[in-house]
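Structure first, commentary second.
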Amino acid sequence: MALSIDVLTLFPEMFAGPLSHSIIGRARKQGIIQISLWNIRDFAQDKHRIVDDTPYGGGAGMVMKPDVLARALEFVQMSNPGPVVYLTPQGRTLTQSIASDMAVMSQFILLCGHYEGIDERLRDLYVDVELSIGDYVLTGGELPAMVLIDAVGRLIDGVLGAEASAPEDSFYNGLLEHPHYTRPRVFCNMEVPAVLLSGHHGQIRRWRLKESIRRTLQRRPDLLDRPQLPQEVLQLVEEIQSEDRKKGGHV
Ligand code: ADE
């Protein structure tokens with residue numbers, strides 16, 4: 001199913017580069033992903049096209065005006081009935097699982113904040129979901145919106161070509177990816193693991209899964225701390241830990 005996203009921002013020009021190239025750029029040209037960018041300032045009605053104002057109660061910073069944002073949202077909602085997603089460090093942290101849920105939605109609206117954020121009443125009236133891309137503060141919601149579009153867009157059928165595939169990703173199966181190698185076979189005296197040259201698909205698959213698990217145990221053991229891990233994964237965890245014990249190594 002195609003994906004249709006409307007983005008409300010004060011800086012639509014920021015999106016041109018990241019969303020016009022590579023995989024997402026191709027998907028847009030093919031019409032699999034439709035992204036409409038709306039300049040919030042175009043919905044201001046005064047002669048100076050003001051979009052923000054000082055906070056009631058005083059203090060530093062500016063707050064984005066609810067009347068202007070409401071006009072922008074209502075206009076966009078006439079053609080996009082999907083959920084309104086506000087990008088903010090106060091939102092739920094984006095994960096692969098949230099990206100997958102959004103990929104089946106087919107349409108949504110992204111609202112990018114700036115300055116100190118948006119008037120709370122606009123939030124209460126229009127925002128369905130608040131998402132953060134991590135525990136750090138950026139200057140606005142534009143980069144987070146682009147991150148979200150990339151993470152969701154690549155999950156849409158037909159977006160990833162032959163050069164990549166979502167089912168083999170890090171996080172798709174909840175594990176980090178195994179190491180990758182390409183030509184030359186020997187580089188700086190380092191050989192590609194022999195199993196990858198063997199042509200034995202069963203062994204290659206098992207080696208990759210095992211290295212995936214090894215990497216996850218070393219770097220993100222929290223990802224393995226969940227119920228219902230497949231039996232094969234549990235067995236390989238056991239195998240790696242027992243090999244490490246024999247080596248006297250640490251996991
Ligand atoms: N706006 C500013 N910082 C952000 C973050 N970390 N995630 C989402 N939106 C933001």
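Just follow the structure's listing: the first ligand is 1, and inside any ligand the first atom is 1. Predicted model only: the values in this text are computed from it and were never measured.
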Strictly below 4.0 Å, N to O, side chains only: are R121 and D124 in salt-bridge contact?
no
For residues 70-77, dump all side-chain donor-acceptor pairs below 3.5 Å to protein atoms at least two apart in sequence or in another chain.
unit_1	atom_1	unit_2	atom_2	d
R71	NE	F43	O	2.9
R71	NH1	Q45	OE1	3.3
R71	NH2	F43	O	3.1
E74	OE2	Y126	OH	2.4

Determine whether E120 and R123 satisfy the following criterion, salt bridge (charged side-chain N to carboxylate O under 4.0 Å, His left out), listing intermediate values before the conclusion.
CA-CA 5 Å; E120 193 65 17; R123 214 168 174 157; 3.4 Å; yes
Between ligand 1 and the protein, which N/O pairs fall short of 3.5 Å?
unit_1	atom_1	unit_2	atom_2	d
ligand 1	3 (N)	L138	N	2.9
ligand 1	6 (N)	G134	O	3.2
ligand 1	6 (N)	Y136	O	2.8
ligand 1	7 (N)	I133	N	3.0
ligand 1	9 (N)	T88	N	3.1

Who pairs with W207 by ring-ring contact (aromatic ring centres under 6.0 Å, His included), at least two apart in sequence or on another chain?
none
Evaluate E142 against T9 for side-chain hydrogen bond (donor to acceptor under 3.5 Å, both in side chains), listing each step before the verdict.
CA-CA 7 Å; E142 282 74 16; T9 167; 2.6 Å; yes
Can you run down the ring-ring contact (aromatic ring centres under 6.0 Å, His included) pairs that involve residues 210-232, sequence neighbours left out, and say none if there aren't any?
none
